[in-house]
K.L.:
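Following this message is one structure expressed as C-alpha cells.
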Amino acid sequence: MIQATRLSGLWGSTAAAALLVFSAGAASAQASSAASAEQLSEVVVTGSRIPRSDTTTSAPVTVLTPENLEERGIFNLGLLLNQVTSNVPQLPVGQGQGFPGGDAKTSPNLFGLGSGRTLTLVNGRRMVATSSGLGDRTVDSGIIPAGLVKRVDIVQGGGAAVYGSDAIAGVVNYVLQDHFEGLTVDGQYGEGRGGSYPSRQLRATVGKNFADGRGNIAADLSWSKTDPLLESQRARTANGMSSITNPANTSTTDGIAPTAYIFNGRIWTYNPYGVIWATPNNAVGGLLKLNGSPLQWSPDGQSVIPYDTGTIIGTNTTAIGGQGLDRRALSTLAAGLQRINFSALGHYDITDHVKFSSEVLYSKEESVDPYGTQQVFRTVGNSGANGPISFNKNNPFLTPGAIATLSAASPSFAAGGNLSMTRFMDILPSRDRHTETEVYRLEAGFDGDFKAFERDFTWSVSGSHAASDYTVSTWAPYLAHMNNAVNNPVKNGAGQIVCGINADANPANDDPACVALNPFGQGNESAAARAYVSALTGSTAHNFQDDFLAVIGGDVIKLPAGPLKFSAAYEHRYEKTEFRPFAADIAGITTTGTPPIARDAGYHTNEYSAEGLLPIVGGDFTLPLVKALTLNGSYRYVDHSIAGINKVWGYGGNWDTGLFGISFRASKSKNFRAPSLDQLFAPTSTASGQPLGSDPCDADRINGGNNPANRLKNCQALFAAHPEYGSLAGFQDPAENTGIVSVTSGGNTALKNEISNTTTWGVVIQPPQIPGLTFTVDRVEVNLTDGLVAFSPASFAALCYDEGSADACSTFTRNASGYITQGRSTTFNAGRVVWNGEIYNLSYRFPLGALWGKDFGSLELATEVTHNTKQGTATTTPILARTDGTTTTPDFRTRFDVRYSKGPLKIFYSAYRLSEAKSGFTDTIETTPVPIIASNTTHSISTQYTFRNYTLRGGVNNLTDTMPSFPTRGYGDIMGRQWYIGLRAKY
C-alpha cells in the first residue's frame, strides 16, 4: 500500500507539473523559427543539466559508441567499459581459489575506488541497484540494452552536485537512441581454447518514426548464454599451483622467500574418500598406518587401502601430488550465465514545444556456479559437525574386511577404541550456487521549451518506478541431522542400519525421519540420507526505487560572450529493501551462529540543486590568447531521512586560448555517498563453511601488510601466548581458501555519509593545422573521508596485527591449531581513501592516399593511458595502506587501438597493457617469492565487411592467449584466447 501510494503520488506530480509547463509551452508557440532552431541545436552533456551548443566540459569525459561494441564483438556494455583504462576491469570470475565463481555481473569501477563510488545513469536518470549484500550497491552493465545505445559518456571525477549520491569517482551515463528506425537482427557465437566457455548471443532491435517524424517507438530484445569455466580449462589454474612454507627460509634477512610455489597441489589431510587417523593432529605421525603406509577408504567404502599423501614439505598441509583433495575442485573460475533483456522506448512531440517520452526495461539473469559451495568439510583442527568423524568397529557400515585391516593397524581399534576420518564429503544434492536477478523499470516524463521575458527556457519532469529481485541459493548441511545420521549408527532387530538416536534408551531424542548415512568412500550415501542431511539455503533481496525529477533551465541575461545560463532541479527518491532469508536460514539449521531474520528498510530523500554557466569571453567578444572563457558552478542540498542533511558543490571552467587549438579545463567538487540500506540494516546472520581469504600470520604474509614490523611483532606475541598453535615459522592457515570459517555478517546503523573532495585540471589540444588530431591530458585527485569500507574477516585480521586494534582483534577467533574459524563482516566509516593520477588520450584519424589524390581508406591511431600515482586507504591511523604501483593499482594501464576503414571493410587491432607492478606495496623477496609481477599485454584483432543489408564480422580477443602474469590469476586476462563470428542484418 505504501508503494502504491508513493507511486501514484509520483505520477500525479509528474502529470501536474507537465500540464503547468505545457500551458507555458503553448503560450510560446509564436516564438520565432530562428529561436526554435537555436534551441534545438543545444544538447545536454553528461556532467550537467544545462543545455548548451558547446559540448566542452570542465571535467574529463570519455565517450564510447556502438561502433566500439561491434569492433570488439561485445554484447555486454560492462565488457566494453573494461577497455577504458581509468576503469578497473571487472571480469566475471571469482576473486580467488576457494571463493565462489561470482554471478557474472560487471559494474563500472572508476579509478579502482569501488563500484559503489561510480554512479550509473540511463539517459541522465538513476537506476535501481541490481546487487545485494554488505558491499557496494551497483548496477549491472549487462542489463542495459546495447542495441539501443547511442553512446556511453564516462565522466571521470565527481558529479554529486548535479546527480546526487554515489558520484565520487565519476558518472557513467548510457544515452539511448531516440530516433531508431528499421529492423536489425544480430547473432554471434564464440568460444575459448578447446571449445571452453562458449558464448552465444542473439539480438533484435526494431524502431519506427510516426506522425511525420513527431514520434518514434523502438524496442530491443536480446538473449545471451555462456557456460561455466572451470579451473582445469585455463593454463594459469590448470596446473594446480599452490603456495607452501619454504623450508629453505631461515630468517627475514636471508634473501629467501618464506613461501614457495608448487604445482599439482593437493591437501593431504583429507580427500573425497576418507583419510584415516589414529590421532587427528595435522601431522603425518597422526595418520593410521599399516606396514608403514597411511590408510584411506576405497571409493566404494568396502575396504581400507594404502593412501599416498604425496610429497609433503615440512609441516605444510598441501603436498605435491598424491591422493589428497585436488585444490582445483574447490571452486569454479567463472560461473555460467543466461540473460534475457527487453527494452522499449518512445516519444511523441505533442506540440513543437512539448514532448512526451517513456522507457520500459526488463532483464532476467540466471547464473550457475557448479562449484559454488565446498560441500561438507570434516577436517582436523575443527570440531563438531566440521570436525573429524569418529568411528569404531561396531559401526554397521564397516565390512568384515575393513574391520580386519583396521584392527591389524590399530590394536586399540581392535579392542573397541575409536579411530577418526577426515573427508571432503560430496553428499549434498548439488554443489551448484544459483543466482537469479530480475529487474524492471518504468519511466515516463514530459519535456519541452518555452519563451518568457524575451528569454529561452527548457524544462522536464519525469518519474520512474524500478524494482530488482536478487536471489542466491545453495545446498548446505543440516547440522543436527548430520550428527544424527553419522554418529553411532546401529542395526535394528530387522537387521536394518538405522540412526543411533532411534535405537538408544532415550526416546526424547528420537527422529523418525532420520536416515543413517554411510560416510565411508564416495557416493555410497543413500538418496534418502542425502535428503535428510541437506537444506536449501539462501535469500532474496527485493529492491524498490521511486524517483521523481523536475528540471527547469534557461537564459538569465545576455552577455557579450553569450547568455548566462542556469538550471534548477528538484529530485525526490524513495528506496526500500526487503530481505527474505530462506526458511532453513531463519530456522538456523545450517549454522551454529546467529540465524538471519527477515527485515525491511527504506529511506526517502529530497534534493534541490542549481547550476550556472557563465561565459566570460566568447563569440564576437575575444581577447588576446582568450578565444573563449567559461565558468560553471553547481550546488546541491540533500535531505536524507536516515543520513541527514548534506550540502555539496562543484565549480570549474574552460579556457580556449585560440592558439594551435590549445584549451585548458579545471574543476573542483565536493561529493558524497550515503550508506546503502544493506550496509545500514542487513540483519545479523552467520554463514558456515566460508573461506577466509588471508591470515596475516601466515608465513607468506607475516612480513607484509601496512606495517610489517607491527604485524610480525603481534603475530610473534600471539604464538608465544599459545604454544598449542605450533611453530610460527611455518604457519599456513588452510582457511585461506577452504571453507572452514563461520562468518557473522550484518549492517551497521551508526554509518554516516562519506565525503570526497575531487580536483581535476587538464589541457586539450586539437590543432586546426592537423585535422583529425586530438590530445588530452587530465590530472585527477580524489580525497575521501569517512570512507564506507566493507570489512571482511581478513580485513579485521590485518587491522588487528598491523595496527594493534583491540576492537578488530575481538571480531575473530582461532581454534586449537591457530586457524581462524570464526569471523565478522560489516561496514565501517573507515577513515581516508586517496586516489591521484592522470589520464592521457591521443587520437589521430587521417585519410590514406590524400597526398596522391587517391582513396586508400582512412586510418585512426588512438591510445589511452591512465597513470596511477597514489592510491591508499587509512583506517584507524593516519598511515595510508598504499596500493599504487601494485597489481591492484598498477602505475600504468595503457590501451592502443588501430582502426582502418575503406568502404564496406573495417579492420581493428587493439593492445591492452598493464605495467610491471609489485605484488604488494611493501612486498620484497622476504615476504613473497615473486614480489615483482611482470607486465602483461594482450592483443585483439577483428574485421567486418558489409554487403547490402548484411555485416559479417569475426575476431579474436587475446590473440596470443596470454595468461595473467605469474603467479597471479587476475593481472591480465584469465579468460585467454577467445574467437567469435557474428552476422548483422539491417533492414
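These numbers were taken from a predicted model, which means no experiment stands behind them.
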K.L.:
Could you list the residues that satisfy salt bridge (charged side-chain N to carboxylate O under 4.0 Å, His left out) with Arg895, not counting sequence neighbours?
P.N.:
Glu864, Asp897

K.L.:
Could you work out, with side-chain contact (heavy atoms from CB on, under 4.5 Å) as the rule, every residue matching Pro370, not counting sequence neighbours?
P.N.:
Pro228, Leu230, Thr332, Asp432

K.L.:
Please list, chain by chain and in numerical order, all residues satisfying salt bridge (charged side-chain N to carboxylate O under 4.0 Å, His left out) with Asp186, sequence neighbours excluded.
P.N.:
Arg203, Arg953

K.L.:
For the atom pair OH (Tyr163) and CG (Leu119), what is the distance rounded to the nearest 0.5 Å?
P.N.:
8.5 Å

K.L.:
Taking atom types as modelled, find out whether Asn109 and Ser115 have a side-chain donor-acceptor pair closer than 3.5 angstrom.
P.N.:
no

K.L.:
Under the side-chain hydrogen bond (donor to acceptor under 3.5 Å, both in side chains) rule, collect the residues that match up with Glu70, sequence neighbours excluded.
P.N.:
Arg984

K.L.:
Quick one: does Asn173's side chain have a donor or acceptor within less than 3.5 Å of a partner on Gly124's backbone?
P.N.:
yes

K.L.:
Residues in side-chain contact (heavy atoms from CB on, under 4.5 Å) with Ser919, at least two apart?
P.N.:
Asp923, Thr928, Ile933

K.L.:
Tell me, please, which residues at least two apart from Tyr174 pass ring-ring contact (aromatic ring centres under 6.0 Å, His included).
P.N.:
none

K.L.:
Measuring only between side-chain heavy atoms, which start at C-beta, is Tyr912 closer than 4.5 Å to Asn936?
P.N.:
no

K.L.:
Quick one: are Val61 and Ile154 in side-chain contact, heavy atoms under 4.5 Å?
P.N.:
no

K.L.:
Hey, are the side chains of Gln233 and Leu333 touching, using non-hydrogen atoms and a 4.5 Å cut-off?
P.N.:
no

K.L.:
Strictly distance-based, threshold 3.5 Å: is any side-chain N or O of Arg977 a donor or acceptor partner for the main-chain N or O of Leu959?
P.N.:
yes

K.L.:
What's the separation between atom CG in Asn868 and atom CH2 in Trp835, rounded to the nearest 0.5 Å?
P.N.:
5.5 Å

K.L.:
I'd like to check Gln545 versus Arg573 (side-chain heavy atoms, cut-off strictly below 4.5 Å). Are they in contact?
P.N.:
yes

K.L.:
Just grab all the salt bridge (charged side-chain N to carboxylate O under 4.0 Å, His left out) pairs involving residues 77-89, residues at least two apart or on different chains.
P.N.:
none

K.L.:
Taking atom types as modelled, is there a side-chain donor on Thr471 or Thr540 under 3.5 Å from an acceptor on the other?
P.N.:
yes

K.L.:
Measure from the side-chain N and O atoms of Asp778 to the backbone N and O of Pro60, and report whether any donor-acceptor pair falls under 3.5 Å.
P.N.:
no

K.L.:
With under 30° as parallel and over 60° as perpendicular, where do the rings of His465 and Phe544 fit, or are they tilted in between?
P.N.:
parallel

K.L.:
After noting the C-alpha distance and the side-chain angles of Arg193 and Asp961, does the key distance pass the salt bridge (Lys or Arg N to Asp or Glu O under 4.0 Å) rule?
P.N.:
CA-CA 9 Å; Arg193 181 199 302 180; Asp961 200 24; 2.3 Å; yes

K.L.:
Is the shortest side-chain N to carboxylate O distance from Glu365 to Arg339 below 4.0 Å?
P.N.:
yes

K.L.:
Would a distance-only check, ignoring hydrogens and angles, find a side-chain to backbone donor-acceptor pair under 3.5 Å from Thr118 to Leu110?
P.N.:
yes

K.L.:
Nearest 0.5 Å please: distance from the OG atom of Ser473 over to the CZ atom of Arg433.
P.N.:
9.0 Å

K.L.:
Indicate whether the side chain of Gln871 and that of Thr889 have a donor and an acceptor atom separated by less than 3.5 Å.
P.N.:
yes

K.L.:
Taking NZ, NE, NH1 and NH2 as the nitrogens, is one of them in Glu578 or Lys576 under 4.0 Å from a carboxylate oxygen of the other?
P.N.:
yes

K.L.:
Do Met975 and Asn958 come close enough that some side-chain heavy atom pair is under 4.5 Å?
P.N.:
no

K.L.:
Would you indicate whether the side-chain heavy atoms of Pro108 and Ser141 approach each other to under 4.5 Å?
P.N.:
yes

K.L.:
Could you list the residues that satisfy salt bridge (charged side-chain N to carboxylate O under 4.0 Å, His left out) with Glu916, not counting sequence neighbours?
P.N.:
none

K.L.:
Within the distance-only criterion (no hydrogens, no angle test), does the side chain of Arg673 pair as donor or acceptor with the backbone N or O of Leu788 below 3.5 angstrom?
P.N.:
yes

K.L.:
Please report the closest heavy-atom contact between Asn341 and Gly142, naming both atoms and the distance.
P.N.:
ND2-O, 2.8 Å

K.L.:
If you look at every heavy atom in Leu176 and Lys150, which pair is closest and at what distance?
P.N.:
C-CB, 3.9 Å

K.L.:
Going by atom types only, do Glu191 and Tyr189 share a side-chain donor-acceptor pair under 3.5 Å?
P.N.:
yes

K.L.:
Any side-chain heavy atom of Glu838 sitting closer than 4.5 Å to one from Thr869?
P.N.:
yes

K.L.:
Once ring-ring contact (aromatic ring centres under 6.0 Å, His included) is applied, do any residues pair with Phe966, and if so which ones, sequence neighbours excluded?
P.N.:
Tyr261

K.L.:
Tell me which pairs pass salt bridge (charged side-chain N to carboxylate O under 4.0 Å, His left out) where either residue lies in residues 109-122, with sequence neighbours left out.
P.N.:
Arg117-Glu754

K.L.:
Going by the rule ring-ring contact (aromatic ring centres under 6.0 Å, His included), which residues pair with Tyr840 if we only count those two or more places apart in sequence or in a different chain?
P.N.:
none

K.L.:
Regarding Arg969 and Glu231, does a basic nitrogen lie under 4.0 Å from an acidic carboxylate oxygen?
P.N.:
yes

K.L.:
Side-chain contact, heavy-atom cut-off 4.5 Å: Ser199 with Tyr980?
P.N.:
no

K.L.:
Give the minimum heavy-atom separation between Tyr971 and Ala934, together with the two atoms involved.
P.N.:
CE2-O, 3.7 Å

K.L.:
Quick one, Arg234 with Asp973, criterion salt bridge (Lys or Arg N to Asp or Glu O under 4.0 Å). Give me CA distance, side-chain angles, the key distance, then yes/no.
P.N.:
CA-CA 11 Å; Arg234 288 298 177 266; Asp973 178 19; over 6 Å; no

K.L.:
Return the CG to CG distance between Asp178 and Leu345, rounded to the nearest 0.5 Å.
P.N.:
8.0 Å

K.L.:
Evaluate the side-chain hydrogen bond (donor to acceptor under 3.5 Å, both in side chains) criterion for residues Ser669 and Asn671: first the C-alpha distance (whole Å), next the side-chain angles of each, then the deciding distance (0.1 Å), finally the verdict.
P.N.:
CA-CA 6 Å; Ser669 59; Asn671 306 286; 2.9 Å; yes

K.L.:
Once salt bridge (charged side-chain N to carboxylate O under 4.0 Å, His left out) is applied, do any residues pair with Arg126, and if so which ones, sequence neighbours excluded?
P.N.:
Asp166

K.L.:
Which distance, rounded to the nearest 0.5 Å, do you find between the CG of Asp678 and the OG of Ser745?
P.N.:
10.0 Å

K.L.:
Between Ser915 and Phe892 (side chain of the first, backbone of the second, donor and acceptor by atom type, cut-off under 3.5 Å), is there such a pair?
P.N.:
yes

K.L.:
Hey, does the side chain of Ser224 reach the backbone of Arg200 with a donor-acceptor pair shorter than 3.5 angstrom?
P.N.:
no

K.L.:
Gly787 and Leu784: which non-hydrogen atoms are nearest, and at how many Å?
P.N.:
CA-CD2, 3.2 Å

K.L.:
Quick check: does any side chain N or O of Asp153 sit under 3.5 Å from a backbone N or O of Val63, one acting as donor and the other as acceptor?
P.N.:
no

K.L.:
Closest approach of Phe75 and Ala146, non-hydrogen atoms and distance?
P.N.:
O-CB, 3.5 Å

K.L.:
Taking Ser756 for its side chain and Thr758 for its backbone only, find out whether a donor-acceptor pair lies under 3.5 Å.
P.N.:
no

K.L.:
Quick one: closest heavy-atom pair of Val865 and Thr85, and the distance?
P.N.:
C-OG1, 3.7 Å

K.L.:
Sub-3.5 Å donor-acceptor pair from the side chain of Thr873 to the main-chain atoms of Val833, do we have one?
P.N.:
no

K.L.:
Please determine whether side-chain hydrogen bond (donor to acceptor under 3.5 Å, both in side chains) holds for the pair Asn543 and Ser468, giving the CA-CA distance in whole Å, both sets of side-chain angles, and the decisive distance to 0.1 Å.
P.N.:
CA-CA 5 Å; Asn543 303 311; Ser468 69; 3.1 Å; yes

